[in-house]
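For reference, the structure discussed in these notes is given below.
Indexing begins at 1, ligand by ligand and atom by atom, following the structure's order.
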Amino acid sequence: MIKTGKNILKTLPQEIESVDERVKPFIRWAGGKQNLVLKLSEHLPKKMFGSYFEPFVGAGSLFFHNKFENPHLSDINPHLINSFISIRDSAEEVSNRLVFHKKRVSREYYYKLRDVFNKRKDQFTIDQAAIFIFLVHTSFNGIYRVNKKGEYNVPFGKGKPAIPDIAHLLKIQNKLKGVTITNGMYEDILSSVKRDDFVYFDPPYPPLNDTSFFQHYSIDKFPNQQQIELSEYAQDLNKIGAFVMISNAETPMIKELYKGWKVNKVSAYRYVNCKAERKAVSELIITNY
Ligand SMILES: C[S@@+](CC[C@H](N)C(=O)[O-])C[C@H]1O[C@@H](n2cnc3c(N)ncnc32)[C@H](O)[C@@H]1O
């Protein structure tokens, strides 16, 4: 049960955060906001707020950069969520397995482990979490992508992956202590949101153009209809008095959907084509406050 009213220790994240509590995500993620985290943090509500909800958590760039009260993190990707839960509950075990895999890194080992991961794709264990983290770090461009059968199919990329060490994982574990972490659709969490809570939505973006990188490579299917539904959920949250912040692409449809909201334009480097080239593009930080 979420605490309400006087029981909430309300926080102003920017003011009470100490540098030590900021941690880099343990994984790179398509659409990750690591390079926008300072700008996003400037747009957090200036007023005190209650619980924090991030239902498209991905690598959790904004969460790991700030201190939030009673955080709820969730994502549709079960392996990603399994890795968050495994680190929260068993960081040392995850680290031991990562050290083991890192010592053996090679093209052959990568493909062997990728087969193991795919054979066990319906298992959500510490072993599977460590393999997931290892594969994403060692893969081409550090991305997670599956085929129609749900099998991870990214080729080998890096012989010297920057796999998080034990010190990093313990910081992540510390940050995740007491955090509610669930696997599911973003809609699932919305009935828990109360007045004065803060919700950050970072959905998969609509493609910028016909050859946009993510149209080819993303596993996330988030068609226009879902963008429309998300904007309706955001309106509902606005009505109950929650603070809402949304990241999205600067497209005519997105601007139309959030007419009347505060829209801030920022520039970010993103992959924009199949050659994995990065380019500066405009993105939006949309708020109801
Ligand atoms: C742009 S990424 C989030 C990136 C994150 N903010 C970061 O900094 O790493 C979008 C995330 O939404 C998740 N996702 C896609 N569709 C979803 C849905 N319907 N409900 C919940 N999560 C979803 C994807 O798995 C992905 O992790």
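Checking only distances, E187 never comes within under 3.5 Å of ligand 1, N or O to N or O. Not a single N or O atom of N77, backbone or side chain, sits closer than 3.5 Å to an N or O atom of ligand 1. Considering backbone and side-chain atoms alike, Y200 places every N or O at 3.5 Å or more from each N or O of ligand 1.
Between P71 and the options F198, F53, F63, a side-chain contact (heavy atoms from CB on, under 4.5 Å) holds for only F63.
With N82 contributing its side chain and T125 its backbone, the two residues share a donor-acceptor pair below 3.5 Å.
For residues 153-164, the pairs satisfying side-chain hydrogen bond (donor to acceptor under 3.5 Å, both in side chains) are R145-N153, with sequence neighbours left out.
Short contacts between ligand 1 and P203, defined as distances under 4.0 Å to a heavy atom of the residue, involve ligand atoms 1 (C). Interface atoms of ligand 1 facing A59, defined by a heavy-atom separation under 4.0 Å, are 7 (C), 9 (O). The contact set between ligand 1 and P55, taken as ligand atoms under 4.0 Å from a residue heavy atom, comprises 21 (C), 22 (N). Distances below 4.0 Å separate heavy atoms of G60 from the following atoms of ligand 1: 7 (C), 9 (O).
Heavy-atom distances between P25 and ligand 1 stay at or above 4.0 Å for every pair. Residue contacts with ligand 1: A30 is included, with a non-hydrogen atom under 4.0 Å away. Ligand 1 has no atom lying under 4.0 Å from any heavy atom of V37.
In the candidate list F222, F63, F56, F56 is nearest to atom 3 (C) of ligand 1, counting heavy atoms. For atom 27 (O) of ligand 1, the candidate residues are L36, D75, I27; the nearest heavy-atom contact is made by D75.
Between atom OH of residue Y200 and atom CG of residue L44 there is a gap of 9.5 Å, rounded to the nearest 0.5 Å.
The aromatic rings of Y144 and H79 are tilted relative to each other, their planes meeting at an angle between 30° and 60°. Using cut-offs of 30° and 60° on the angle between ring planes, the pair F243 and Y289 is perpendicular.
By the side-chain contact (heavy atoms from CB on, under 4.5 Å) test, R114 is found to be paired with Y110, Y111, N118, L135, Y152, residues two or more places apart in sequence or in another chain being considered.
Follow the hydrophobic side-chain contacts under 4.5 Å out from L40 and you reach V266 in the same cluster.
For V57, every heavy-atom contact with ligand 1 shorter than 4.0 Å involves the backbone, none the side chain.
Using a 4.5 Å cut-off on side-chain heavy atoms (C-beta onward), Y205 and T251 make no contact.
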